[in-house]
Amino acid sequence: MAANALDELAWRGMVYASMDGVSDLLANQKVTVYNGFDATADSLHIGHMVPLIALARLQRFGHHPIAVAGGGTTMIGDPSGKSAERNLMTQDAIEYNVECIKKQLSHFLDFDLKSNPARLVNNADWLLKLNLVEFLRDVGKHFTVNYMLAKDSVRTRLEREEGLSFTEFTYMLMQSYDFLHLYDTLGCQLQTGGSDQWGNITAGAELIRRMRGGQAYGLVYPLITKADGTKFGKTESGAVWLSAERTSPYAFYQFWMNTDDRDVVNYLKVFTFLTQERIEELASSVVERPEAREAQRVLAREMTATMHGDTALERAEAATQVLFGGEISGLGAAEIAEIFADVPSSALPKSQFEGEGTPLVDVLVSSGLSKSKGDARRSLGEGGIYLNNRRAADANVTLNDVIDGQFVVLRKGRKNYALIKVQ
RNA sequence: GGGCGGUUACCCAAGUGGCCAAAGGGGACUGACUGUAAAUCAGUUGGCAGAAGCCUUCGGAGGUUCGAAUCCUUCACCGCCCA
């Protein structure tokens with residue numbers, strides 16, 4: 001670990017911009033620092049992990065982290081980085097989301113630490129009480145419209161046809177007020193966020209200076225980029241979530257496992273707590289033995305264990321072994337059920353497999369792997385269909401193919417699986 | 001309100017009476033190669049049957065014709081120009 005927190009974040013490539021004085025601040029005192037998390041969904045996704053892990057790093061350096069759940073600001077919608085007006089959410093939905101997010105934060109932040117425990121606050125607690133006239137007089141007074149219009153987040157939206165609503169325009173004031181409130185009540189001096197938050201953060205620091213004559217600071221993280229130019233955190237099936245209900249531990253593990261060689265070292269720096277020496281070791285393994293995928297495996301292990309625990313990690317790894325070419329024949333029904341838990345499944349009555357059995361083509365269609373019988377025949381002709389992980393020809397599926405009288409495992413191509421439950 | 005142009009498969013886009021289940025590109029899928037990578041090469045990409053063949057599809061509805069994505073009528077939507 002580097003001598004001070006900013007150096008640590010810097011070598012990990014996590015400092016996109018910081019206000020003058022942040023370095024001294026973090027080096028010389030234990031700072032109270034906050035980062036906001038919006039509450040638009042009942043789970044955080046991988047995109048939220050950069051600020052979250054950065055907050056956890058700061059905690060390890062003895063600083064006091066605060067996670068602010070945006071129960072209040074989510075009702076408004078941040079225009080930063082958004083191309084269109086956000087749908088407004090009901091208060092109940094947001095409250096439920098805040099509850100769920102709280103649990104996820106605790107995987108990274110230590111809320112029970114004696115010296116500098118993490119805290120979670122909900123900005124709905126103070127924002128919803130605000131009185132409009134007071135707010136305009138006390139906070140609005142300190143901002144000129146000119147200043148607000150000059151911010152990137154506002155300007156880019158103004159250049160678009162749709163414009164932005166007054167509600168969204170005021171988002172910056174709400175976030176500034178959050179910072180002021182935390183400065184007043186918890187002595188918070190530093191706010192962090194993604195690089196798109198720079199405008200909102202500096203506005204808050206400005207408000208603190210004007211209203212309290214105090215010094216507050218901002219630090220923003222870079223956007224995570226991918227070497228192939230696509231957006232980080234998305235797969236074909238959508239965003240990668242932290243909750244096991246939305247993204248299974250196996251899928252989560254696989255997401256990290258599939259990291260591009262060109263990105264993996266960067267991710268190790270940003271997302272894991274591994275030491276510089278260890279990361280350099282892994283970096284050279286990427287160069288020397290890329291086929292071993294050691295860096296990807298370590299990354300996937302670290303992330304999955306932190307988020308979902310050791311048991312979930314073991315299961316994900318066991319499933320990985322089988323799902324990537326492993327032999328199925330030795331496995332029993334219980335193991336199959338567990339390994340293929342994430343795989344789309346469908347049920348067929350046992351009678352279908354008795355005697356003559358059912359043509360494989362029909363089973364493929366009912367499993368959803370093929371969209372029509374013609375499609376299924378085509379795939380079979382291409383040699384792309386595997387029955388219980390062995391390349392199959394067009395034939396009937398009989399009881400001999402049913403594992404333990406319960407399951408048939410179908411695969412199309414390298415990794416499209418379907419599980420048939422025989423009942 | 002007037003004039004013109006457009007609407008084709010997942011997307012873009014050719015096709016102006018039969019040789020059209022419909023060119024080409026993208027995407028996607030499969031195979032070979034491989035490292036669960038990238039690149040490359042090959043194949044597939046409406047349904048039923050899989051030998052021939054049959055059925056459904058070119059914005060919707062109706063019509064002309066032996067025969068329509070293609071011609072006519074009408075409706076809907078989109079774009080551009082004029083009021």
Side-chain angles (χ1 to χ4, degrees), chain A residues 46 161-162 224-238 240 247-268 271 281-304 312-328 339-344 356 358-396 409-419:
Chain A
I46 276 188
E161 284 285 302
E162 308 86 34
I224 299 297
T225 54
K226 282 174 64 179
D228 64 9
T230 56
K231 206 174 169 205
F232 172 75
K234 293 264 193 272
T235 65
E236 309 85 59
S237 43
V240 178
T247 298
S248 71
Y250 169 74
F252 187 81
Y253 179 90
Q254 282 294 323
F255 170 80
W256 297 105
M257 194 68 188
N258 282 321
T259 303
D260 196 304
D261 288 358
R262 295 168 293 180
D263 292 320
V264 69
V265 174
N266 185 26
Y267 290 5
L268 284 167
F271 294 105
E281 243 173 70
L282 291 167
S284 57
S285 100
V286 173
V287 177
E288 288 156 22
R289 297 179 305 281
E291 72 282 1
R293 304 181 72 77
E294 191 188 351
Q296 280 90 342
R297 187 165 288 110
V298 170
L299 176 66
R301 287 182 59 96
E302 289 285 316
M303 300 315 291
T304 309
L313 169 62
E314 276 168 35
R315 287 183 186 170
E317 289 194 304
T320 294
Q321 275 214 313
V322 174
L323 263 48
F324 287 89
E327 186 54 60
I328 279 185
I339 289 168
F340 292 91
D342 286 349
V343 159
E356 290 282 294
T358 304
L360 180 52
V361 168
D362 292 330
V363 181
L364 282 166
V365 172
S366 75
S367 75
L369 275 185
S370 302
K371 57 181 199 252
S372 67
K373 288 162 82 171
D375 187 31
R377 284 203 189 84
R378 242 174 264 129
S379 297
L380 276 164
E382 292 167 335
I385 297 297
Y386 303 79
L387 175 62
N388 294 329
N389 259 3
R390 298 207 168 149
R391 181 168 284 176
D394 192 4
N396 279 17
V409 176
L410 292 173
R411 168 156 70 94
K412 187 176 83 160
R414 198 79 192 90
K415 44 186 164 181
N416 294 309
Y417 278 92
L419 183 66

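Labels below follow one simple rule: chain letters A, B, ... track the order of the sequence lines, proteins then strands, and each chain is numbered from 1.
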**Prompt:** A:R377 CZ to B:rA49 C1': how many Å, rounded?
**Reply:** 7 Å

Table of protein N/O atoms under 3.5 Å from nucleotides 20-22 of chain B N/O atoms:
none

**Asked** Does A:N389 use its side chain to pair, donor to acceptor, with the backbone of A:I328 at less than 3.5 Å?
**Response** no

**Message:** I'd like the C1' distance from B:rA42 over to B:rA51, given in whole Å.
**Reply:** 26 Å

**Request:** Would you confirm whether A:N258, through its side chain, and A:Q254, through its main-chain N or O, come within 3.5 Å as a donor-acceptor pair?
**Result:** yes

**Asked** For the pair made of CG in A:L380 and C1' in B:rG31, what is the distance, rounded to whole Å?
**Response** 13 Å

**Message:** Partner lookup for B:rU65, please. Criteria are Watson-Crick or G-U wobble with both distances under 3.5 angstrom; report none if nothing qualifies.
**Reply:** none

**Item:** Between A:Y267 and A:F255, ring centroids under 6.0 Å
**Value:** no

**Fill in**
From CG of A:N416 across to P of B:rU44 the rounded distance in Å is 20 Å

**Request:** Check whether the side chains of A:N416 and A:R411 place a donor and an acceptor atom closer than 3.5 Å, and report yes or no.
**Result:** no

**Prompt:** Side-chain contact, heavy-atom cut-off 4.5 Å: A:F271 with A:I224?
**Reply:** yes

**Message:** Out of the candidates A:D394, A:N396, A:D375, only one should pair with A:V361 under the side-chain contact (heavy atoms from CB on, under 4.5 Å) rule; please name it.
**Reply:** A:D394

**Message:** Checking base pairs now: Watson-Crick or wobble, both atom distances under 3.5 Å. What partners B:rC19?
**Reply:** none

**Interatomic distance, A:K373 atom NZ to A:L380 atom CG [nearest 0.5 angstrom]** = 13.0 Å

**Request:** Using the C1' atom on both, measure B:rA13 against B:rA69 and round to a whole Å.
**Result:** 14 Å

**Message:** So A:R289, base contact, sugar-phosphate only, or nothing? Heavy-atom distance under 4.0 Å.
**Reply:** nothing

**Asked** Under 4.0 Å between a Lys/Arg side-chain N and an Asp/Glu carboxylate O for A:R301 and A:E317?
**Response** yes

**Prompt:** B:rC48, B:rA32, B:rG47: which one has an atom nearest the side-chain heavy atoms of A:K371?
**Reply:** B:rG47

**Prompt:** On RNA chain B, nearest-nucleotide positions of A:S379 versus A:V365: which is more 5'?
**Reply:** A:S379

**Message:** What's the gap between B:rG53 and B:rU30 when it is taken at their C1' atoms, as a whole Å value?
**Reply:** 27 Å

**Asked** Whole-Å distance between B:rA49 P and A:D394 CG?
**Response** 11 Å

**Request:** Using whole Å, report how far CZ of A:R378 lies from P of B:rA42.
**Result:** 20 Å

**Asked** When you compare B:rU7 with B:rG18, how far apart are their C1' atoms, in angstrom units rounded to a whole number?
**Response** 25 Å

**Request:** Could you tell me the separation between the CD atom of A:E382 and the P atom of B:rA42, rounded to a whole number of Å?
**Result:** 15 Å

**Prompt:** Is A:S372 touching bases, backbone alone, or none of the nucleic acid, heavy atoms closer than 4.0 Å?
**Reply:** sugar-phosphate

**Message:** Tell me the closest heavy-atom pair linking A:Y250 and A:A319, and the distance in Å.
**Reply:** CD1-CB, 3.9 Å

**Prompt:** With rounding to whole Å, what would you report as the distance between B:rC11 and B:rC55 at their C1' atoms?
**Reply:** 27 Å

**Request:** Taking atom C1' in both B:rG46 and B:rA9, compute the distance separating them and give it to the nearest angstrom.
**Result:** 8 Å

**Fill in**
A:K412 NZ to B:rU45 C1', in whole Å, measures 10 Å

**Request:** Find the partner of B:rG43: check Watson-Crick (N1-N3 plus N6-O4 or O6-N4) and G-U wobble (N1-O2, O6-N3) distances, both under 3.5 Å, and reply none if neither fits.
**Result:** B:rC29

**Item:** Sugar-phosphate, base or nothing in reach of A:G413, heavy atoms under 4.0 Å
**Value:** sugar-phosphate

**Request:** Drop me the distance from A:L299's CG to A:R297's CZ, to the nearest 0.5 angstrom.
**Result:** 11.5 Å

**Request:** Could you give the distance separating B:rC80 and B:rC19 at their C1' atoms, to the nearest angstrom?
**Result:** 37 Å

**Request:** Produce a footprint string for nucleotides 33-38 of chain B: one letter per nucleotide, 5' end first; B if the base is under 4.0 Å from any protein heavy atom, S if only the sugar-phosphate is, - if neither.
**Result:** --BBS-

**Asked** Under 4.0 angstrom, heavy atoms only, what part of the nucleic acid is A:Y386 near: base, sugar-phosphate, or nothing?
**Response** sugar-phosphate

**Message:** Distance check, P atoms only: B:rC4 and B:rA21, in whole angstrom units.
**Reply:** 34 Å

**Request:** Provide, to the nearest angstrom, the distance between the CG atom belonging to A:D375 and the C1' atom belonging to B:rA9.
**Result:** 15 Å

**Fill in**
pair_partner(B:rC4), Watson-Crick or wobble, both distances < 3.5 Å, evaluates to B:rG79

**Item:** Spatial distance of atom OG (A:S367) from atom OH (A:Y417) [nearest 0.5 Å]
**Value:** 13.5 Å

